[in-house]
Student: 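Here it is, the structure, as structure tokens.
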Number of protein chains: 2
Amino acid sequence: MASAATIANSSTAKTHMAEAPMTEEDVCAHVRDSVLERRLAPGTKLTEESLCSIFGVGRTTVRRAFLLLKRDNIVDLHRNRGAVVASPTPAEARDVFESRRMIEHALLQQAASTIAPASITALEDHLEQERTALTAGDVGRWIRLTGDFHLHLARLAGNRVMLEFLKQLVFQTSLIVALYGPSNNGSNCSGGDHAKIVAAMRDGDLSSAQDILDSHLREIEAQLEFNKPEKQNDLVSAFAPMRSA
Amino acid sequence: MASAATIANSSTAKTHMAEAPMTEEDVCAHVRDSVLERRLAPGTKLTEESLCSIFGVGRTTVRRAFLLLKRDNIVDLHRNRGAVVASPTPAEARDVFESRRMIEHALLQQAASTIAPASITALEDHLEQERTALTAGDVGRWIRLTGDFHLHLARLAGNRVMLEFLKQLVFQTSLIVALYGPSNNGSNCSGGDHAKIVAAMRDGDLSSAQDILDSHLREIEAQLEFNKPEKQNDLVSAFAPMRSA
DNA sequence: TGCAGGCAAATTGTCAACAATTTATGGGTA
DNA sequence: TACCCATAAATTGTTGACAATTTGCCTGCA
């Protein structure tokens with residue numbers, strides 16, 4: 001145990017740098033990112049000691065992070081039993097996808113009313129990045145980008161509150177797909193749908209964009225199989241390839 | 001200081017009862033309720049010592065509660081400066097109301113698809129409770145009920161995730177109205193609108209219900225005045241008339 | 001072998017003392 | 001009076017030790 005491979009400040013080995021200590025938000029961000037890129041599987045036990053040594057922070061910080069992650073349904077906390085990466089139930093999965101359809105439908109409408117040509121260009125750039133990551137075989141990055149696409153759409157609506165809500169749902173979706181997603185392939189957010197949505201938005205065809213987004217989400221949900229075994233991950237390797245917040 | 005008037009277990013003075021200690025969720029619930037009923041004004045400083053003695057818990061618990069309340073935008077935390085009841089900016093207020101329109105619009109549609117006669121009856125019961133509280137002059141209870149009405153509607157949609165989101169927005173709304181609401185009267189959620197919504201739902205007229213709900217929220221938002229002084233509350237009295245969670 | 005009981009190790013929960021920072025107070029001077 | 005600076009008080013942040021609980025392991029017995 002206690003592999004002192006701290007991720008924090010891994011580059012500034014022992015210089016005179018200020019060594020800004022990680023906060024609970026930083027730990028949360030790392031865990032969230034690991035969940036998003038499927039390096040942390042649902043059901044994985046997260047001990048305080050592990051995260052302390054991995055991130056080089058005290059128990060207090062890890063403890064606070066757990067509290068916040070629980071609030072976001074990313075971990076489950078059981079008294080005297082510690083933290084476990086959450087395993088959404090099929091019922092919760094249904095609610096998450098239904099919520100995403102409602103929220104993204106509404107956000108698309110809002111975005112369409114004030115969209116600028118530059119925003120369309122930015123979306124097309126994002127599509128290009130998705131393709132690049134996919135052809136390069138960087139699965140983790142590709143998974144992250146497909147999630148970010150939906151957040152990009154949401155940002156166009158200019159509503160911070162809704163954006164935060166959708167963020168939570170994207171993380172939940174990652175857990176759900178990790179649990180119940182099709183194991184044969186890794187493609188659940190097919191790039192084609194994303195491109196079609198951007199095209200519809202560029203043409204000013206809101207209802208088409210909404211329809212495509214809706215069926216896009218329904219399709220992913222339909223591919224879920226609610227009878228699969230769980231996995232377990234190694235913590236250190238799961239957190240290792242992390243970029244700074 | 002340190003008025004040892006603990007709210008927790010106020011009835012079981014010193015009996016042999018188990019004296020279940022309050023958890024951070026309990027403290028959160030109390031603060032949220034106080035915000036909801038306008039006994040805690042935005043800008044009020046919440047010191048750890050105060051809440052410790054009021055609720056009879058240790059600093060650890062209060063600290064955890066602060067963290068969760070910050071996550072919900074109910075308090076602001078500044079390092080070394082403690083917790084303050086949040087004061088949403090006009091921009092945030094705009095986002096909150098826009099979010100409520102989006103979310104409640106979608107939830108109403110969802111609810112309409114599977115609504116049962118019994119649910120309508122329950123809604124009408126709620127309307128009656130609102131009227132009773134209003135005529136009885138129990139303003140705190142009435143304010144809470146007007147908020148609960150919207151949550152009742154949301155519950156009909158059967159989506160826990162969206163219900164939680166709306167809960168957060170209702171609390172935010174309470175802060176916003178406390179800050180910028182019309183000071184001349186106390187009526188911002190006029191009972192008439194609520195009754196009209198229920199009537200439309202009973203008649204199976206979804207779009208009417210949606211329209212009324214939409215304009216209902218727009219009306220409240222339009223009444224906001226974004227140039228008012230803040231208030232400050234006494235903590236003990238603010239938390240005193242609390243019912244158990 | 002299979003299982004119940006109990007001991008030991010590991011993990012989590014709690015608390016109090018101490019450190020760091022901010023806020024309040026009280027002269028002293030222009 | 002108004003302002004500034006130094007000191008004191010109050011509040012928040014952190015750490016470590018200790019308590020409570022769970023978990024794994026090992027023995028003993030049927």
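Note on naming: letters A, B, ... go to the chains in the order of the sequence lines (proteins, then strands), and numbering restarts at 1 for each one. The analysis underlying the following values was restricted to heavy atoms, covering all of them including side chains, and did not include hydrogens, waters or symmetry mates.
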Student: Do R81(A) and dG13(C) have a side chain to base donor-acceptor pair shorter than 3.5 Å?
Tutor: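 Per atom types, no contact qualifies.
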
Student: Is the closest basic N to carboxylate O distance between R101(B) and E221(B) below 4.0 Å?
Tutor: yes

Student: So, E164(B) and K167(B), do they make that salt bridge, N to O below 4.0 Å?
Tutor: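 Answer for the salt bridge query: yes.
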
Student: I need the CG-C1' distance between L51(B) and dT12(D), as an integer number of Å.
Tutor: 14 Å

Student: Between CG of N73(B) and OG of S87(B), what distance do you get to the nearest 0.5 Å?
Tutor: 12.0 Å

Student: Distance check needed: dT22(C) P versus K45(B) NZ, whole Å only.
Tutor: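 Distance check: K45(B) NZ to dT22(C) P gives 13 Å.
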
Student: Contact class for G82(A) vs. all strands (heavy atom < 4.0 Å): base, sugar-phosphate, or nothing?
Tutor: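 Sugar-phosphate contact only.
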
Student: Rounding to 10°, can you tell me the angle the first-five-pair axis of the helix from dT1(C)-dA30(D) to dA30(C)-dT1(D) makes with its last-five-pair axis?
Tutor: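 If I round to tens, the end axes sit 10° apart.
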
Student: Need one value for R79(B): base, sugar-phosphate or nothing, where a base atom within 4.0 Å counts as base even if backbone is also close, heavy atoms only.
Tutor: sugar-phosphate

Student: When you measure from the side chain of R63(A), which nucleotide among dT11(D), dG13(D), dG13(C) comes out closest?
Tutor: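 The closest nucleotide is dG13(C).
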
Student: How close or far is atom P of dT12(D) from atom NZ of K70(B), stated in whole angstroms?
Tutor: 15 Å

Student: Just do the side chain to side chain contact (heavy atoms under 4.5 Å, CB included) check on V161(A) and L169(B) with the steps written out, would you?
Tutor: CA-CA 9 Å; V161(A) 175; L169(B) 293 177; 3.7 Å; yes

Student: Applying side chain to side chain contact (heavy atoms under 4.5 Å, CB included), run through I220(B) and F97(B) and close with a yes or a no.
Tutor: CA-CA 9 Å; I220(B) 297 173; F97(B) 274 95; 3.8 Å; yes

Student: Side chain of R59(A) only, please: which of dT12(D), dA17(D), dT11(C) is the nearest?
Tutor: dA17(D)

Student: Side chain of T60(B) only, please: which of dG13(C), dC15(C), dT11(D) is the nearest?
Tutor: dC15(C)

Student: Rounded to the nearest angstrom, tell me the gap between atom CD in E49(B) and atom P in dG13(D).
Tutor: 14 Å

Student: Looking only at side-chain atoms of R64(B), point me to the closest of dT14(C), dT11(D), dG13(C).
Tutor: dT14(C)

Student: So that I can tick it off, tell me whether E48(B) and R63(B) are bridged by a salt bridge, with the cut-off set at under 4.0 angstrom between side-chain N and carboxylate O.
Tutor: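 Looking at E48(B) together with R63(B), the answer is yes, because their closest N to O distance falls below 4.0 Å.
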
Student: Out of dG13(D), dG13(C), dC15(C), which has the shortest distance to the side chain of E48(B)?
Tutor: dG13(D)

Student: May I ask you to decide whether R32(B) forms a salt bridge with E37(B), counting only side-chain N to carboxylate O separations under 4.0 Å?
Tutor: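 Looking at E37(B) together with R32(B), the answer is no, because their closest N to O distance does not fall below 4.0 Å.
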
Student: If you assign each of N80(A) and H78(B) to its closest nucleotide in DNA chain D, which residue comes earlier from the 5' end?
Tutor: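 Nearest-nucleotide comparison on DNA chain D picks H78(B).
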
Student: Whole angstroms only, please: what is the CG-C1' distance between L67(B) and dT12(D)?
Tutor: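 After rounding, the reported distance stands at 14 Å.
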
